[in-house]
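Fair warning: this is a prediction, and the values are worked out from it, not measured in the lab. First the proteins, then the strands, lettered A, B, ... as listed; each starts at 1.
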Amino acid sequence: ADTYTCLIYPLCKAREADKAKNILQEMKFRGFRGSTRLHNAVICVLCKSKKVNDAVGIYREMLREEEENIPDIVTYSHLIQGMCKLKMVDEASRLREEMKQRGKMMDVVSYNVLIHALCVTNRVDVARGLLEEMVMNSLTPTVVTYTALLDGLSKGGKVDEALKFLRRMIERDCLPSVVTYNSLVNGFCKLNRMDEASSLLAEMSNRGCMPDIFTYTPLIWGFCKKGKLNDGLRLMEELSHKNLVADVVTYSVIIDGLCKESRLDEASSFMEEMREKDCLPNVVTFNSLIEGYLKAGKIHAAVEQFDKMAKLGCTPDAFTYSTLLNGFCKMGKLNEACHMLNEMSAKGLVPGIVAFTCVMDGLSKEGRIQEAEDLLDEMLRMKCEPTVYTYNTLMNGLCIANRIEDAQKLLAEKKFSPN
RNA sequence: AUGCAUGAUAGC
């Protein structure tokens, strides 16, 4: 049994979910029981690999074995979190009921997991109910509890409420952490309320929460979106003066900001800086660069970046393709765009709904409405679910072609919710 | 060392 234990833990740590699961099963087949902890470790890694169903399978086995390995609060936390990450919210609440029936009391961490899950699925109000419930059960919320809620508010744009929440935490002697402040800073940045975001940056340092790259990255993002690139660049310097190390996300943010303003030389010097610092660019970094070059009409440079991605073992994603196709279309290179779309289908690559919509828009603006309509059928065939953008694009095209009635017909079919 | 909170890119 010890042998198995020694095998399984490292596998879990290495995220080898399937192997861990198989070895656990082999162990039990040979008559060793293992422990709840060991089962939990496997359930944990299965959940993190999005194999929640397998994780549930192990949980059910644990129940069947009766007395041997009794699922504990940690088992439930893992499962609930895994389910919530896959938006299986109903299953998660069912499990919570099951947990209650088995006499397992929710503890602080399991409440935190649930509260977080509710927040990320836009149900902050329900989450707040849970906060009250936990207090009634004489559990003391921690900084993690409050931060999860505050982040939910912040992401929903309710930053003023989130700020009140922060003040209340402090009153209740629960000290905010750097994560708490970061959530708030991010919220203000998303709304482009950069003055308030900046004062929070000052406040957090004063309170002993040292800003990190999770603080700076949203600030840089916000300044870029506001067209205050120079403030963004200033913060890039400031963070290194504070001995913080920008990572690929931070670099991608500033590179994207620069690309969107067509400051391509500066963007590529950040690429150079990344190379010097052994920070590898990822697909997001490349997507931003590709977009930048295309918007500046530099197709060749864009394609060069696309090739460079492959060399770095970086797989193009739906963003890459839509960026490329959109760029082609906007430059009037419609035939190239269509060609690329066909090639992708031939290779079994799925361009994604946005890429289709870009080409559809290009076609309809060139008066090639029939081809645009055909594209809708192809999308459906490829199981790319059209969005309201897709239909807006098509309706726009139909109107351009003076087929107003057909556009109205499309609207009347109610295949989408108009905006 | 069995579980919890924060950051980036594309289309009308």
Side-chain angles (χ1 to χ4, degrees), chain A residues 9 12-13 35-45 47 72-82 107-117 119-120 142-152 154-155 177-187 189-190 212-222 224 247-257 259-260 282-292 294 317-327 329-330 352-362 364-365 387-397 419:
Chain A
Y9 280 123
C12 292
K13 208 177 162 180
S35 61
T36 297
R37 272 173 76 133
L38 188 62
H39 284 71
N40 287 348
V42 177
I43 286 177
C44 172
V45 67
C47 287
D72 62 7
I73 190 82
V74 178
T75 320
Y76 288 104
S77 294
H78 283 304
L79 289 170
I80 290 175
Q81 197 182 17
D107 68 357
V108 176
V109 176
S110 31
Y111 269 110
N112 291 349
V113 169
L114 264 175
I115 286 174
H116 177 233
C119 287
V120 302
T142 64
V143 58
V144 175
T145 322
Y146 289 121
T147 303
L149 271 162
L150 185 148
D151 187 56
S154 190
K155 286 223 170 73
S177 70
V178 54
V179 177
T180 319
Y181 275 106
N182 288 350
S183 294
L184 250 183
V185 168
N186 185 35
C189 291
K190 282 277 139 69
D212 59 16
I213 55 176
F214 282 73
T215 326
Y216 278 97
T217 305
L219 282 162
I220 295 168
W221 183 93
C224 288
D247 71 357
V248 58
V249 177
T250 317
Y251 279 115
S252 298
V253 168
I254 191 71
I255 287 174
D256 185 63
C259 285
K260 287 205 162 57
N282 65 15
V283 59
V284 177
T285 328
F286 282 114
N287 289 344
S288 293
L289 281 165
I290 291 172
E291 183 189 337
L294 286 173
D317 62 7
F319 282 70
T320 320
Y321 295 124
S322 63
T323 302
L324 278 167
L325 290 172
N326 187 41
C329 291
K330 295 278 150 71
I353 183 62
V354 180
F356 276 121
T357 307
C358 292
V359 179
M360 179 185 259
D361 185 54
S364 47
K365 286 190 175 145
T387 65
V388 57
Y389 287 92
T390 319
Y391 286 109
N392 288 346
T393 303
L394 190 56
M395 285 173 52
N396 191 28
N419 61 8

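Rounded to a whole Å, the NZ atom of Lys260(A) is 7 Å from the P atom of U9(B). When rounded to the nearest whole Å, the span between CG of Asp256(A) and P of G7(B) equals 17 Å. Rounded to whole angstrom, the span from the CD1 atom of Ile254(A) across to the P atom of U9(B) amounts to 13 Å. A8(B) atom C1' lies 14 Å from atom CG of Leu219(A), rounded to whole Å. If you take NZ of Lys365(A) and P of G11(B), they are 11 Å apart, rounded to a whole angstrom. If you measure from atom OH of Tyr216(A) to atom C1' of A8(B), you get 18 Å, rounded to the nearest angstrom.
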Using a 4.0 Å cut-off on protein heavy atoms (strictly under), produce a 5'-to-3' string for nucleotides 1-6 of chain B with B for base contact, S for backbone-only sugar-phosphate contact, and - for none. BBBBBB
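When distances run from any side-chain atom of Lys190(A) to the nucleotides A8(B), U9(B), C12(B), the shortest one goes to A8(B). Of all nucleotides listed (G11(B), C12(B), A8(B)), A8(B) comes nearest to the side chain of Ser252(A). For Asn282(A), the side-chain atoms get nearest to A8(B) when compared with the rest of U9(B), C12(B), A8(B). Comparing A10(B), C12(B), G7(B) against the side chain of Asp247(A) picks out G7(B) as the nearest.
Side-chain contact of Thr320(A) with Thr323(A): a donor-acceptor pair under 3.5 Å is absent, judged by distance alone. When only modelled atom types and interatomic distance are considered, Asp151(A) and Ser154(A) share no side-chain donor-acceptor pair under 3.5 Å.
Nucleic acid contact for Asn419(A): none, since no nucleic acid atom lies under 4.0 Å from a heavy atom of the residue. Here Ser35(A) lies out of heavy-atom contact (under 4.0 Å) with every strand. Residue contacts for Ala355(A): at a heavy-atom cut-off of 4.0 Å it reaches no nucleic acid atom on any strand shown. Counting non-hydrogen atoms under 4.0 angstrom, Thr320(A) reaches nothing in the nucleic acid.
Exactly one of Thr285(A), Thr217(A), Asp247(A) qualifies for a side chain to side chain donor-acceptor pair (under 3.5 Å) with Ser252(A). That residue is Thr285(A).
Minimum heavy-atom separation, Ser322(A) to Cys358(A): O-SG, 4.0 Å.
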Between Thr387(A) and Thr390(A), is the side-chain contact (heavy atoms from CB on, under 4.5 Å) condition met? List the steps. CA-CA 5 Å; Thr387(A) 65; Thr390(A) 319; 3.3 Å; yes
Candidate pair Asn419(A) and Asn392(A), rule side-chain contact (heavy atoms from CB on, under 4.5 Å), full reasoning: CA-CA 9 Å; Asn419(A) 61 8; Asn392(A) 288 346; 3.1 Å; yes
Full working for side-chain contact (heavy atoms from CB on, under 4.5 Å) between Cys259(A) and Leu289(A): CA-CA 6 Å; Cys259(A) 285; Leu289(A) 281 165; 3.9 Å; yes
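Thr323(A) contributes no side-chain N or O that forms a donor-acceptor pair with the base of G11(B) under 3.5 Å.
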